[in-house]
**Student:** 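My questions will all concern the structure given below.
Below, chains carry the letters A, B, ... as their sequence lines are ordered, and counting in each starts from 1.
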Amino acid sequence: MISCAEFIPAYSELFKFLESRGGREAVERFWEYLSDTFLGNLRSEVEQNGLRGCWNYWSHTLNEEAADFTMELDEEAGQFRIAMHRCPSMARLLELQHVEPYHDYCRHCEVLYRRVLEPLGFDYAIDLSTCGEARCSLTVTRADSGRP
Amino acid sequence: MTKQTMSRNARDNEYLHRDFHGALSAGIEYLHEQYGDDAVREYLEQFARSFYAPLTKALEQRGLVALEEYFRGVYDLEGGEVRFSLSENELRIEVSRCPAVTHMRSQGYPVARLFRETTDAVNRAICVGTPFDAELIEYDELTGRGIQRFYRRELNQSGTA
């Protein structure tokens, strides 16, 4: 059994393996598959509770992942935001001296969540410009929140 | 209340996200579907030889006790029901309740058809380049219950010289 505490390096190596078989396209297809088949809990949370579903979903996952983060939900403004001060996944990969992270590791967060949230009527934006330092931020906005 | 904030430091929580077992299982099933069963084993071997390289080195230098310490740590963290039997030439790990499969079954995550390889292929790969080898003597697909055996290569399959 691979411990769940060792999943992130296994995931990173899977991306490398897929890329060696079919290029970046193969990695993208896997992320889409994972979004469609594995994020049913995020999808149903947001379908039932709107933006609050994002709060519920990430409250669970980020606490279990021992992340260092600030999360904000403003239902009136129609916005949910996560400022990730230290991503537990990327931080773990960076700490490993003997394993190189997949070169585009953080972009799975771009593909997986956008694919769930946008069809449900939300705009999804993620800033990965500092993800090499295990920091990022994501914003989910109700698509009609800026309209008169 | 329409506005809420939550802040956490890494040290506020223990790192234990069991749903990752389900994500790994989804990855294994995807590889199986798209690239076949050999690709699953090849990927796991590649991962294990890379990630567990320090463990393989410890096995080579310190023998099976290094594996026992490592696996005790894993199952202590994850809360499985496991019995260890260690001798100079053999380590048996009898898992009566697998934390990964138990969690996936309880949460309704599909368990990949080749999920056993996350034990079998990985254990064998950890032993590559050492005087030891591994086998999965028993494995129950439904519960993950099983017996893992690591042994010194000079010994035959029954454990006698």
**Student:** If the plane angle is over 60° it's perpendicular, under 30° parallel, otherwise tilted; pick one for Tyr57(A) and Tyr113(A).
**Tutor:**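 Judged by the thresholds at 30° and 60°, the geometry between Tyr57(A) and Tyr113(A) is perpendicular.
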**Student:** What part of Ala48(B) gets within 4.5 angstrom of chain A, counting heavy atoms only: side chain, backbone, both, or neither?
**Tutor:**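 Neither part.
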**Student:** I need the residue from Glu64(A), His98(A), Arg21(A), His60(A) with the largest number of non-hydrogen atom pairs under 4.5 Å to chain B.
**Tutor:**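 With the most close heavy-atom pairs to chain B, the winner is Glu64(A).
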**Student:** Of the listed residues (Ile8(A), Leu62(A), Leu34(A)), which shares the most heavy-atom pairs with chain B below a 4.5 Å separation?
**Tutor:**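 Ranked by contacts with chain B, first place is Ile8(A).
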**Student:** Taking NZ, NE, NH1 and NH2 as the nitrogens, is one of them in Glu90(B) or Arg149(B) under 4.0 Å from a carboxylate oxygen of the other?
**Tutor:**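 Salt bridge flag = yes for Arg149(B) with Glu90(B).
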**Student:** For chain B, which residues of residues 77-97 of chain A have at least one non-hydrogen atom nearer than 4.5 Å to it?
**Tutor:**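 From residues 77-97 of chain A, the residues near chain B are Pro88(A), Arg92(A), Leu96(A).
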**Student:** Using a 4.5 angstrom heavy-atom cutoff, name the option from Ala10(A), Pro9(A), Ala5(A) with the most pairs to chain B.
**Tutor:**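 Option with the greatest count: Ala10(A).
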**Student:** With a 4.5 Å heavy-atom cut-off (strictly below), which parts of residues 35-43 of chain A touch chain B? List them by number.
**Tutor:**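 If one takes a 4.5 Å heavy-atom cut-off, the residues of residues 35-43 of chain A near chain B are Phe38(A), Asn41(A).
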**Student:** Any ion pair linking Glu19(A) and Lys16(A) (charged N to carboxylate O, less than 4.0 Å)?
**Tutor:**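 Between Glu19(A) and Lys16(A) there is no salt bridge, as every charged N stays at least 4.0 Å from the carboxylate O atoms.
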**Student:** Using the rule given for side-chain hydrogen bond (donor to acceptor under 3.5 Å, both in side chains), can you reason through Ser129(A) versus Asp127(A), listing the C-alpha separation, both sets of side-chain angles and the distance that settles it, and then say yes or no?
**Tutor:** CA-CA 6 Å; Ser129(A) 59; Asp127(A) 178 0; 2.7 Å; yes
**Student:** Parallel, tilted or perpendicular: which fits the ring planes of Phe47(B) and Tyr52(B), with parallel below 30° and perpendicular above 60°?
**Tutor:**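 Plane angle over 60°, so perpendicular.
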**Student:** Take the angle between the ring planes of Phe30(A) and Tyr30(B) and call it parallel below 30°, perpendicular above 60°, tilted in between.
**Tutor:**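 Aromatic pair Phe30(A)/Tyr30(B) classed tilted.
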**Student:** Look at the side chain of Arg145(B) and the backbone N and O of Glu138(B), then say whether any donor-acceptor pair between them is shorter than 3.5 Å.
**Tutor:**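 Pair absent, no side-chain N/O of Arg145(B) close to backbone of Glu138(B).
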**Student:** For Leu73(A), is it the side chain, the backbone, both, or neither that has a heavy atom closer than 4.5 Å to a heavy atom of chain B?
**Tutor:**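 Both parts, backbone and side chain.
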**Student:** I'd like to know if the side chain of Thr143(B) pairs up with that of Asp140(B) as donor and acceptor (distance under 3.5 Å, no hydrogens or angles considered).
**Tutor:**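 Yes, Asp140(B) and Thr143(B) have a side-chain donor paired with an acceptor closer than 3.5 Å.
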**Student:** Report yes if the distance between the aromatic ring centroids of Tyr105(A) and His108(A) is under 6.0 Å, otherwise no.
**Tutor:**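 Yes, the ring centres sit under 6.0 Å apart.
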**Student:** For Asn9(B), is it the side chain, the backbone, both, or neither that has a heavy atom closer than 4.5 Å to a heavy atom of chain A?
**Tutor:**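 Contact with chain A is through both the backbone and side chain of Asn9(B).
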**Student:** Of the backbone (N, CA, C, O) and the side chain (C-beta and beyond), which part of Asp120(B) lies under 4.5 Å from a heavy atom of chain A, both, or neither?
**Tutor:**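 Contact with chain A involves no heavy atom of Asp120(B) at all.
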**Student:** Compute the ring centroids of Phe132(B) and Phe150(B), then answer whether they are less than 6.0 Å apart.
**Tutor:**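 No: the rings miss the under 6.0 Å criterion.
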**Student:** Does any backbone or side-chain atom of Phe69(A) lie under 4.5 Å from a heavy atom of chain B? Answer side chain, backbone, both or neither.
**Tutor:**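 For Phe69(A), backbone and side chain are both near chain B.
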**Student:** Residue by residue, which of residues 54-71 of chain B have a heavy atom closer than 4.5 Å to a heavy atom belonging to chain A?
**Tutor:**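 At a heavy-atom separation under 4.5 Å, chain A is reached by Pro54(B), Tyr70(B).
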**Student:** So, Glu78(B) versus His103(B): side-chain donor-acceptor pair below 3.5 Å or not?
**Tutor:**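 No, because no side-chain N or O of Glu78(B) sits under 3.5 Å from a partner of the opposite role on His103(B).
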**Student:** Donor-acceptor pairs are to be reported for all side-chain atoms of residues 111-119 of chain B against protein atoms at under 3.5 Å, with residues two or more places apart or in another chain.
**Tutor:**
unit_1, atom_1, unit_2, atom_2, d
Arg113(B), NE, Glu29(B), OE2, 2.8
Arg113(B), NH2, Glu29(B), OE2, 2.6
Glu117(B), OE2, Arg41(B), NE, 3.0
Glu117(B), OE2, Arg41(B), NH2, 3.4
Thr118(B), OG1, Phe115(B), O, 2.7
Thr119(B), OG1, Met1(A), N, 2.7

**Student:** Identify which part of Ala67(A) has an atom lying under 4.5 Å from any heavy atom of chain B, answering side chain, backbone, both or neither.
**Tutor:**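 Contact with chain B: backbone only.
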**Student:** Between Glu14(B) and chain A, with a heavy-atom cut-off of 4.5 Å, which part of the residue counts as in contact: side chain, backbone, both or neither?
**Tutor:**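 Looking at Glu14(B), just its backbone touches chain A.
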**Student:** Please walk me through it: do Arg8(B) and Met71(A) pass side chain to side chain contact (heavy atoms under 4.5 Å, CB included)?
**Tutor:** CA-CA 9 Å; Arg8(B) 294 285 185 275; Met71(A) 199 164 78; over 6 Å; no
**Student:** Does the pair Arg114(A)/Glu110(A) count as a salt bridge with the N-to-O cut at 4.0 Å?
**Tutor:**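 Judged by the 4.0 Å cut-off on N to carboxylate O distance, Arg114(A) and Glu110(A) do form a salt bridge.
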**Student:** Side chain, backbone, both or neither: which part of Gln107(B) has a non-hydrogen atom closer than 4.5 Å to chain A?
**Tutor:**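 Neither the backbone nor the side chain of Gln107(B) comes within 4.5 Å of chain A.
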**Student:** Could you check which of Val99(A), Thr70(A), Thr61(A), Ile2(A) has the highest count of heavy-atom pairs closer than 4.5 Å to chain B?
**Tutor:**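 Most heavy-atom pairs within the cutoff with chain B belong to Ile2(A).
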